[in-house]
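Notes follow the structure.
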Amino acid sequence: MDNEIEPALRQGLQQAAAYGDGQSNGYGDPQPHFQAGPPQPPTPQQHPAQYAAQACSSCDKQLPHCGLCRRIGRQQRCDYSDESRAPQPSGEEIVSLRQEVAELKHLLTNGLSSARINGSNGAESDISMNSGDSPANFLQPSQWPAPSNFPSLFFYDSAAFEYARFHIQAPHIKVPSGALSALGNSAELRAMIEHYFDTVHTYFPIVSKIRLYQHLSNPLHEPGADIALLFLAMKLLANEIAEGMPAQTQLYQDVKSFYIYLEAQNGFSIQMIQALLLTSLYEIGHGIYPAAYLTVGNAARVGHAVGLHAREVPQMLQRCTTWTEQEERRRVWWGVLILDRFVNIGHRGKPFASAEPSLDMHLPTDDAAWDRGQMLTTAPLSLSASRTIKASAFARACQSIHLAGKVIQHLDDRSIPVDYRFEEALRLHRGLRALASTLPSEAEDDDPTIRPTLCTAMATCYSALLTLYDRYCCTESSIPDGPESQLVMQKESIDGIAAICDCVLQLARRMRENIDRVGNLSRLSPLTIQCLYEAGANYAWYLTESSEPVHAEKLAEIKELLIICDRRWRIAGQYLFTIDDYWQRGCGGMIGPGAYG
C-alpha cells in the first residue's frame, strides 16, 4: 500500500509524525498539521550561508569541503564546526544508558511470558504484546475524534432538555479502513451473518434478523461505524478459536479498540450496545476476566444513558417506528440483565450494574415470530406472570436470570433480620423449584436443529438453586438458637444440592445429545457451562467425604462434557482445572462447598 501513496502525501505523513512527537494530538487538535508545498531551506539567520546544517550522510571530511559536496556542486558545504556537533556523552551517562538498555531487555525477555499468565488459573490475560498486531494499528491518528458536539444539557439538566424538545443527532463516524479489511468482501460478510444467525442467535437472540437484512438491502441507507462494530462483534462470537490459539485474538483486540474509538465520538446506538453484549459474552465464554465483568458493566451504563431501561426517562435514541424495533430494544436490555446477573453468580458481594426490572416489564415475545417480523395477537407476558404459562426459550431464560438475581441480592444483603432471612430464602427456594420442575417437561420436544432450546434457562435456574443451597447447607454457619425456619431451610438445602446436581447431570446428557444432533459445538451457549462446574464441585466434595463410586461416576460424566465444551469455550477448561486442582484435593481444608459462602 505504501507504494501507492504519492510522494507529496508520504512527505505529509512524515511531517505529521514528526509533529506528533512534540505536540499533543487529542480532542482539541484531532488532525495532524501538514505543510503545504515542499519544505523550505533554512534562512540565513538559522545557519551561515556557506555551511550546511551539519555534515552530510556520506561525508569524507576533506578540506575545505567533502568530496560529495564537490561532485554535486553543493552550494552549502558540510559544517565541521564544534558548535554544530552534539556534545559527547560523559562516561557516567554511557553507563547509565547501558543499565537502562539492560533493564528493557530484561522486561522484554521475562515480562512477555509472565504477562500472558493469569496468576490463579493459568488463563491467558487480555493483553497482546506483538507490536505488529497491536490494536493501535487498527486506527490511524487521523481517524481520532474531533471535538464533541454532544449537547451536555442532556446530562446536567435533562428536564430543560426535554422541555426545549431538543433531539440528539447521531454523528456521522467514518468506518476505519482496518474494520473494512477485517470484515472481508460482501460474500464473506453475508456468509458470516448467516452463520451468526444459525448459531449464536439460537441461544442469545438480541439482534433482529429481519431489521438487519432490511438495513443492508436499503440503498438509501449507508451502514455506519456502529453497524461495522456490530458485524465485527458478531464475527468474533460466531467463529471458533483454533486449538492452541489464545482467546485474545487480533479480531478481539480490534473490536475492543473499535469500541473505544466509537465511544469517544459519542456514537451511541442500539448496535453499539449489541456489540458490547456480544463482546462480553465472548469474554465470559473464554474466561477473559476482569474484562468480561467490566464490559457487561459498561453495556449496562450505556443502556442507562440512552434510556433503554425505561420509557419514561430521557431518551437518547430516536423513537421506535415499528414493533420489531421496540421488541429488539427490549431484548437488548434483557441481554444486559442476563449477563449482568450471570457474572455475579460466583462473584459475590458486588452490586449489579443494571437496574432491577419492574414486575410489569414485558418478557421477550415468541422468538420465531419476532424473526419473521410477525406481531402476535396474544397479550404480552410480563415478569410477574405465572411461570406455568408457556413462554419462549429466551423468555424462560429471562425468568430464570431474574430469580437468580433475587438469590444474589438475598445472599449479599447482610441487613435482613434473622427471622425474615430464612423465610425469604424458603420463598426463593419454592419459586426456583417450581420453575425447575416446569422446564424439563417443556424441553421434552427440544430439537436444536429446529428451534432454540431451553438449556440456558435450565442451566441458569440450577445455578441459582445451587448458589442458594450452598449458603444454607453448612451446619457450621448456623445461628445458635435460630428460628425454626433455619432448620427447615438447612434441610431443604442439603437435600436440594443432591437433587439439583442430578438435574444438572440430566441436563448434561441433554446437551451431549444436542451436540451430537447438530454435529458440532456451534450452538452451545457459554451460559450453560457454569452449572456443570457447580455440580462437578459438589460431586467432587461428595467423593472426598464418602468415597462412594456413584459420585465418581457422576463426576467423570460431568468432566467428560467439560472437556468437550472446552473445544468451543475456554472457560470449560478453567472450570475443569479448578475441579481437579481444588475440589478433588480436599477443598483446601474447608468443610465443604457450603463453607465457601
Side-chain angles (χ1 to χ4, degrees), residues 120-123 287 342 344-349 404 407-408 410-412 422 425 428-429 432-433 436 458-479 486-509 511-512 527-566 571-597:
S120 61
N121 54 18
F342 183 86
N344 281 279
I345 290 178
H347 186 64
R348 305 174 192 173
V407 169
I408 297 170
H410 167 78
L411 297 179
D412 290 344
F422 296 105
L428 290 171
H429 150 75
L432 281 164
R433 290 300 288 265
M458 296 168 68
T460 306
C461 186
Y462 297 155
S463 289
L465 281 168
L466 290 176
T467 302
L468 178 66
Y469 296 155
D470 186 64
R471 171 64 62 86
Y472 292 104
C473 69
C474 184
T475 58
E476 295 295 323
S477 59
S478 300
I479 301 174
Q486 176 181 228
L487 297 177
V488 176
M489 184 61 200
Q490 187 179 80
K491 184 180 184 305
E492 294 289 356
S493 299
I494 295 174
D495 297 339
I497 288 179
I500 297 302
C501 283
D502 288 343
C503 290
V504 173
L505 190 61
Q506 295 298 322
L507 174 62
R509 293 166 182 167
M511 292 168 58
R512 186 73 178 268
L527 305 181
T528 60
I529 309 176
Q530 168 78 19
C531 71
L532 300 178
Y533 164 70
E534 296 183 58
N538 280 287
Y539 282 138
W541 178 75
Y542 285 145
L543 183 61
T544 303
E545 290 290 326
S546 64
S547 300
E548 293 184 9
V550 64
H551 298 312
E553 294 173 2
K554 294 178 179 179
L555 176 60
E557 194 169 350
I558 292 291
K559 291 169 65 174
E560 183 180 356
L561 182 57
L562 286 175
I563 293 173
I564 295 174
C565 295
D566 182 57
I571 188 64
Q574 298 182 30
Y575 288 152
L576 188 63
F577 174 83
T578 306
I579 292 175
D580 287 339
D581 195 61
Y582 183 77
W583 292 109
Q584 285 193 265
R585 294 188 180 183
C587 306
M590 296 191 321
I591 296 172
Y596 184 69

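All values reported here derive from a predicted model rather than from experimental measurement. Values reported hereafter were calculated over all heavy atoms of this structure, with side chains retained and with hydrogens, waters and symmetry mates removed.
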> Can you name the closest pair of heavy atoms from Ile571 and Gly287 and give their distance?
Replying inline: CD1-CA, 3.7 Å
>> Quick check for you: to the nearest 0.5 Å, what is the distance between Leu527 atom CG and Ile345 atom CD1?
In response: 8.5 Å
> At what distance, to the nearest 0.5 angstrom, does SG of Cys473 lie from CG of Asn538?
Replying inline: 7.5 Å
> Under a 4.5 Å cut-off applied to non-hydrogen side-chain atoms, are Asp580 and Leu576 in contact?
Replying inline: yes
> Side chains of Glu534 and Val504: closer than 4.5 Å at any heavy-atom pair?
Replying inline: no
>> Within the structure provided, determine whether Glu560 and Ile563 are in side-chain contact (heavy-atom separation under 4.5 Å).
In response: no
>> Working to the nearest 0.5 angstrom, can you tell me the gap between Ser547 OG and Tyr542 OH?
In response: 14.5 Å
>> Taking salt bridge (charged side-chain N to carboxylate O under 4.0 Å, His left out) as the definition, give me every residue that meets it alongside Arg509, ordered by chain and number, with sequence neighbours left out.
In response: Glu557
>> In the structure I gave you, are the side-chain heavy atoms of Asn344 and Asp412 within less than 4.5 Å of one another anywhere?
In response: no
> Any side-chain heavy-atom pair from Asp566 and Leu562 closer than 4.5 angstrom?
Replying inline: no
> Nearest 0.5 Å, what's the CG-CD distance between Leu466 and Gln530?
Replying inline: 9.5 Å
> For residues Gln490 and Gln486, is any side-chain donor paired with an opposing acceptor at under 3.5 Å?
Replying inline: no
> What distance do Leu468 atom CG and Arg433 atom CZ have between them, rounded to the nearest 0.5 Å?
Replying inline: 10.5 Å
>> Whether the side chain of Arg348 engages the backbone of Leu411 through a donor-acceptor N/O pair (distance < 3.5 Å, no angle test) should be reported.
In response: no
> Once you round to the nearest 0.5 Å, how far does CG of Leu465 lie from SG of Cys531?
Replying inline: 11.0 Å
> Below 4.5 Å, heavy atoms only, C-beta onward: do Leu532 and Tyr575 meet side chain to side chain?
Replying inline: no
All N/O donor-acceptor pairs, side-chain side in residues 491-502, below 3.5 Å, sequence neighbours left out:
from: Lys491; atom 1: NZ; to: Asp495; atom 2: OD2; distance (Å): 2.9
from: Glu492; atom 1: OE1; to: His429; atom 2: NE2; distance (Å): 3.4
from: Ser493; atom 1: OG; to: Met489; atom 2: O; distance (Å): 2.8
from: Asp502; atom 1: OD1; to: Tyr539; atom 2: OH; distance (Å): 2.8
from: Asp502; atom 1: OD1; to: Lys554; atom 2: NZ; distance (Å): 3.0

>> In terms of relative ring orientation, are Tyr472 and His410 parallel, tilted or perpendicular, with 30° and 60° separating the classes?
In response: tilted
> Between Cys565 and Ile529, what is the shortest heavy-atom contact and its length?
Replying inline: CB-CD1, 4.1 Å
